[in-house]
Protein chains: 2
Amino acid sequence: MEAKRKLGAAIPDVPSSGTSPSPVAPGTGVGSLAPPAMEPVNPRLPIAPQIYERLRRAITTLLVLPSEALSEKELSLQLGVSRTPVREALIRLADEGLVDILPQRGSFVAPIRLRDVEEAQFIRESLEVAVACRLAGHCSPRFLSELRLNLARQESAVAERDRDLFLELDEAFHRGLCEEAGLSKSWRVIQSVKLQMDRVRYLSLPEPGHLDVLLAQHRQITSAIESGDSDEAGRHMSAHLKEVLGSANLLRQKLAHLIEK
Amino acid sequence: MEAKRKLGAAIPDVPSSGTSPSPVAPGTGVGSLAPPAMEPVNPRLPIAPQIYERLRRAITTLLVLPSEALSEKELSLQLGVSRTPVREALIRLADEGLVDILPQRGSFVAPIRLRDVEEAQFIRESLEVAVACRLAGHCSPRFLSELRLNLARQESAVAERDRDLFLELDEAFHRGLCEEAGLSKSWRVIQSVKLQMDRVRYLSLPEPGHLDVLLAQHRQITSAIESGDSDEAGRHMSAHLKEVLGSANLLRQKLAHLIEK
DNA sequence: TTTTGTACTCTACCATGGTAGGATGTCAAT
DNA sequence: ATTGACATCCTACCATGGTAGAGTACAAAA
């Protein structure tokens with residue numbers, strides 16, 4: 001049974017040596033200008049979520065750029081599926097603000113709207129501050145040790161300049177707080193609005209001291225939660241999340257061609 | 001050939017006027033096994049959103065009860081459309097937690113999960129408290145007068161015991177705060193999670209003094225915002241939103257057959 | 001040169017048929 | 001009487017064809 005997938009691994013599934021040999025060699029130009037060259041889907045699993053995941057990744061990593069067209073037909077051809085699951089994926093992406101669907105005209109990668117990024121930051125901060133406040137002094141020892149382990153791994157990631165690993169651990173850190181508080185739906189909301197910030201974040205160059213600052217803030221948040229100081233936990237979380245957006249302002253001029261408004 | 005409906009229905013239905021009085025008495029239950037009997041769609045407008053809207057209303061007003069089956073085929077027959085837009089509507093409702101889609105088994109109205117209702121309340125409160133804090137002292141005079149007008153209309157609605165009108169004005173009140181703060185996406189999130197609370201709220205019988213309490217809280221919030229007292233605005237908003245959920249606990253026993261966990 | 005009408009192209013959108021898999025009822029075997 | 005296998009039904013899911021509408025390019029008229 002290859003359909004069983006454990007939850008918790010942030011690594012996307014790799015259909016390693018898929019059952020069906022793709023008739024189209026990816027990257028060799030099937031006739032389009034700049035194909036995203038995404039991996040083919042696994043036909044044994046529900047297709048629509050796979051399409052969604054691939055498109056989401058392609059958009060947040062700027063593999064496809066804002067205002068680029070996302071044709072149902074073209075995508076279905078490239079991915080070797082019909083238009084229906086592609087359409088379902090596009091609808092969901094449109095719900096999350098990553099795609100603009102213009103009826104009878106086409107679907108396009110949404111521009112980076114600074115307004116939306118700032119509001120996403122507002123929503124995330126509002127929720128996570130409340131999560132931190134609620135969590136302060138109500139953690140299981142088991143969870144606190146997990147948190148400390150995560151922080152230790154963050155430290156080694158910083159030491160090794162492994163930015164991708166750090167971002168992964170960062171995500172696990174914040175998700176863990178929500179789940180320990182029994183607020184899984186809140187994390188879903190955060191994740192949804194965070195997509196708007198991810199594109200900007202992906203562009204922020206690895207400034208040397210930045211990760212150290214973030215790690216230090218993670219430690220402060222953890223300490224405040226552990227000691228049960230609700231206000232302090234909220235303050236540190238607020239400062240931490242403001243830090244993330246700070247990099248966006250630095251990019252404003254540099255990315256004028258990608259940003260709207 | 002159900003596609004040949006081009007010239008038939010030129011009658012413009014009223015999509016979201018909101019004031020359509022539902023003839024369903026909340027306490028008596030729907031009683032019969034009668035089908036939802038929803039209005040037919042307008043084929044000139046995009047169909048899928050119309051289906052979504054009708055189903056959302058039917059679920060939040062308990063016209064269809066939890067764990068009831070929502071078959072794509074059956075709904076498409078009842079509404080006179082194909083299964084595709086029905087499916088798209090169901091997917092969106094599943095995203096919002098009002099429908100459970102079990103692959104290859106069926107789609108069902110989600111049970112009222114008290115956990116989810118409480119978390120929806122948490123999310124809403126976190127966001128709206130932050131909105132109120134941000135808004136305090138930063139309102140245009142024009143908006144404040146609008147707010148006062150809304151409060152006056154609320155007062156007359158309370159005087160006339162018009163609960164539906166009050167709920168409508170209540171929604172406009174909270175939405176207005178978000179929009180004045182330039183946080184339209186936040187309102188979308190609030191609206192999305194509020195769906196979980198709406199089913200419970202729809203069941204709360206009209207206790208005589210309840211609307212007066214809510215109105216008084218609206219006034220307190222407005223005053224705090226007007227005077228620029230951020231903390232006070234947040235506190236009043238928090239108390240106000242906690243009040244809404246309070247009725248849920250009263251219903252816990254009464255609705256055990258509708259509520260899960 | 002500017003404006004307008006028109007044919008064409010491309011798109012999302014919907015209808016509809018086919019398919020795989022879970023659920024259930026029936027019947028035989030123990 | 002209980003249990004197991006099997007046949008049937010029903011479901012979501014996907015593939016695919018058709019349709020109307022918005023953009024666009026070009027030609028004709030002012």
Side-chain angles (χ1 to χ4, degrees), chain A residues 1-5 18-20 23 31-33 40-55 64 67-95 98-110, chain B residues 1-10 40-55 64 67-95 98-110:
Chain A
M1 294 308 180
E2 54 194 347
K4 62 174 63 175
R5 281 191 297 180
T19 54
S20 63
S32 53
L33 304 176
V41 301
N42 182 350
R44 300 197 170 280
L45 277 51
I47 296 178
Q50 298 183 64
I51 308 291
Y52 165 79
E53 197 60 31
R54 279 160 177 70
L55 286 177
V64 289
S67 73
E68 193 167 330
L70 294 175
S71 162
E72 284 183 8
K73 179 180 290 186
E74 189 179 341
L75 286 171
S76 66
L77 289 177
Q78 287 180 10
L79 291 162
V81 299
S82 81
R83 302 194 309 277
T84 304
V86 172
R87 172 173 169 74
E88 290 172 0
L90 288 176
I91 288 175
R92 188 165 163 200
L93 289 166
D95 269 343
L98 290 183
V99 164
D100 292 334
I101 297 180
L102 285 66
Q104 322 297 15
R105 286 226 288 141
S107 300
F108 306 89
V109 179
Chain B
M1 288 300 195
E2 46 191 319
K4 302 301 181 185
R5 201 192 320 278
K6 300 178 175 53
L7 304 177
V41 300
N42 182 350
R44 300 199 169 281
L45 275 52
I47 296 178
Q50 297 183 64
I51 308 292
Y52 165 80
E53 196 59 31
R54 280 161 176 70
L55 286 177
V64 289
S67 74
E68 193 167 330
L70 294 175
S71 162
E72 284 183 7
K73 179 179 292 187
E74 188 179 341
L75 287 170
S76 67
L77 289 177
Q78 286 181 12
L79 291 161
V81 300
S82 82
R83 302 194 307 276
T84 305
V86 172
R87 172 173 168 74
E88 290 172 0
L90 288 176
I91 289 175
R92 188 163 163 202
L93 289 165
D95 269 343
L98 289 184
V99 164
D100 292 335
I101 298 180
L102 284 67
Q104 320 298 11
R105 287 224 290 141
S107 300
F108 306 88
V109 179

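Numbered from 1 within each chain, the chains take letters A, B, ... in sequence-line order. All heavy atoms count here, side chains included; hydrogens, waters and symmetry mates do not. Predicted model, so just to flag it, every value in this text is computed and none were measured.
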Under 4.0 Å between a side-chain N or O of B:S107 and OP1 or OP2 of D:dA12? yes
Of A:P103 and A:P49, the one whose closest DNA chain D nucleotide lies more 5': A:P49
Between A:Q50 (side chain only) and A:L45 (backbone N and O only), is there a donor and an acceptor less than 3.5 Å apart? yes
Rounded to whole Å, please give me the gap between CD in A:E72 and C1' in C:dC14. 11 Å
For B:L70, answer base if it contacts any base atom (sugar-phosphate contacts may also be present), sugar-phosphate if it contacts only those atoms, and nothing otherwise; contact means non-hydrogen atoms under 4.0 Å. sugar-phosphate
Under the side chain to side chain contact (heavy atoms under 4.5 Å, CB included) rule, what do A:I91 and B:I91 come out as? Steps first, then yes or no, please. CA-CA 10 Å; A:I91 288 175; B:I91 289 175; over 6 Å; no
Between P of D:dA12 and CD of A:E88, the distance in whole Å: 13 Å
Separation of atom CG in B:L90 from atom C1' in D:dA12, rounded to whole Å: 10 Å
Nearest-Å distance for atom pair CG/C1', residues B:L77 and C:dC14: 15 Å
Indicate, with a heavy-atom threshold strictly under 4.0 Å, whether B:I101 touches base, sugar-phosphate, or nothing. sugar-phosphate
What's the separation between atom CZ in B:F108 and atom CG in B:L70, rounded to the nearest 0.5 Å? 8.5 Å
Between the protein and nucleotides 15-18 of chain D, are there any N/O to N/O pairs under 3.5 Å, and if so, what are the atom names and distances?
from: D:dA15; atom 1: OP2; to: A:S82; atom 2: N; distance (Å): 2.6
from: D:dA15; atom 1: OP2; to: A:S82; atom 2: OG; distance (Å): 2.4
from: D:dA15; atom 1: O5'; to: A:S82; atom 2: OG; distance (Å): 3.4
from: D:dA15; atom 1: N7; to: A:T84; atom 2: OG1; distance (Å): 3.1
from: D:dT16; atom 1: O4; to: A:T84; atom 2: OG1; distance (Å): 3.2
from: D:dG17; atom 1: O6; to: A:R83; atom 2: NH2; distance (Å): 2.5
from: D:dG18; atom 1: O6; to: A:R83; atom 2: NH2; distance (Å): 3.3

Mind checking side-chain contact (heavy atoms from CB on, under 4.5 Å) for A:D95 and listing every partner two or more places apart, or none if nothing turns up? B:R92, B:R188
What's the spacing between B:K73 NZ and B:S82 OG if we round to 0.5 Å? 13.0 Å
Any protein N or O atoms within reach of nucleotides 23-26 of chain C? Criterion: under 3.5 Å, listing atom names and distances.
from: C:dA23; atom 1: OP1; to: B:R105; atom 2: NE; distance (Å): 3.0
from: C:dA23; atom 1: OP1; to: B:R105; atom 2: NH1; distance (Å): 3.4

Just how far is it from atom CG of B:L90 to atom CZ of B:R83, taken to the nearest 0.5 Å? 12.0 Å
What verdict does the side chain to side chain contact (heavy atoms under 4.5 Å, CB included) test give for B:V41 and B:R54, after you've listed the backbone C-alpha separation in whole Å, the side-chain angles of each residue and the deciding distance to 0.1 Å? CA-CA 9 Å; B:V41 300; B:R54 280 161 176 70; 4.3 Å; yes
Find the distance A:R44:CZ to D:dA12:P and express it as a whole number of Å. 23 Å
Do any N or O atoms from the side chain of B:E72 and from the backbone of B:V86 form a donor-acceptor pair under 3.5 angstrom? no
Whole angstroms only, please: what is the CD-P distance between A:E68 and C:dT11? 14 Å
In terms of side-chain heavy atoms of B:R87, which of C:dA12, D:dC13, D:dT11 is nearest? D:dC13
Return whichever of A:Q104 or B:Q104 has its heavy-atom-nearest nucleotide of DNA chain D closer to the 5' end. B:Q104
Test side chain to side chain contact (heavy atoms under 4.5 Å, CB included) applied to A:L75 and A:L55, step by step: CA-CA 10 Å; A:L75 286 171; A:L55 286 177; 4.2 Å; yes
Separation of C:dA12 atom C1' from A:E74 atom CD, nearest Å, is 15 Å
Base, sugar-phosphate, or nothing: which does A:S76 touch, judged by heavy atoms less than 4.0 Å apart? nothing
Go through the steps to decide whether A:V109 and A:L98 satisfy the test side chain to side chain contact (heavy atoms under 4.5 Å, CB included), and finish with yes or no. CA-CA 6 Å; A:V109 179; A:L98 290 183; over 6 Å; no
A:K73 NZ - C:dA12 P separation (whole Å): 9 Å
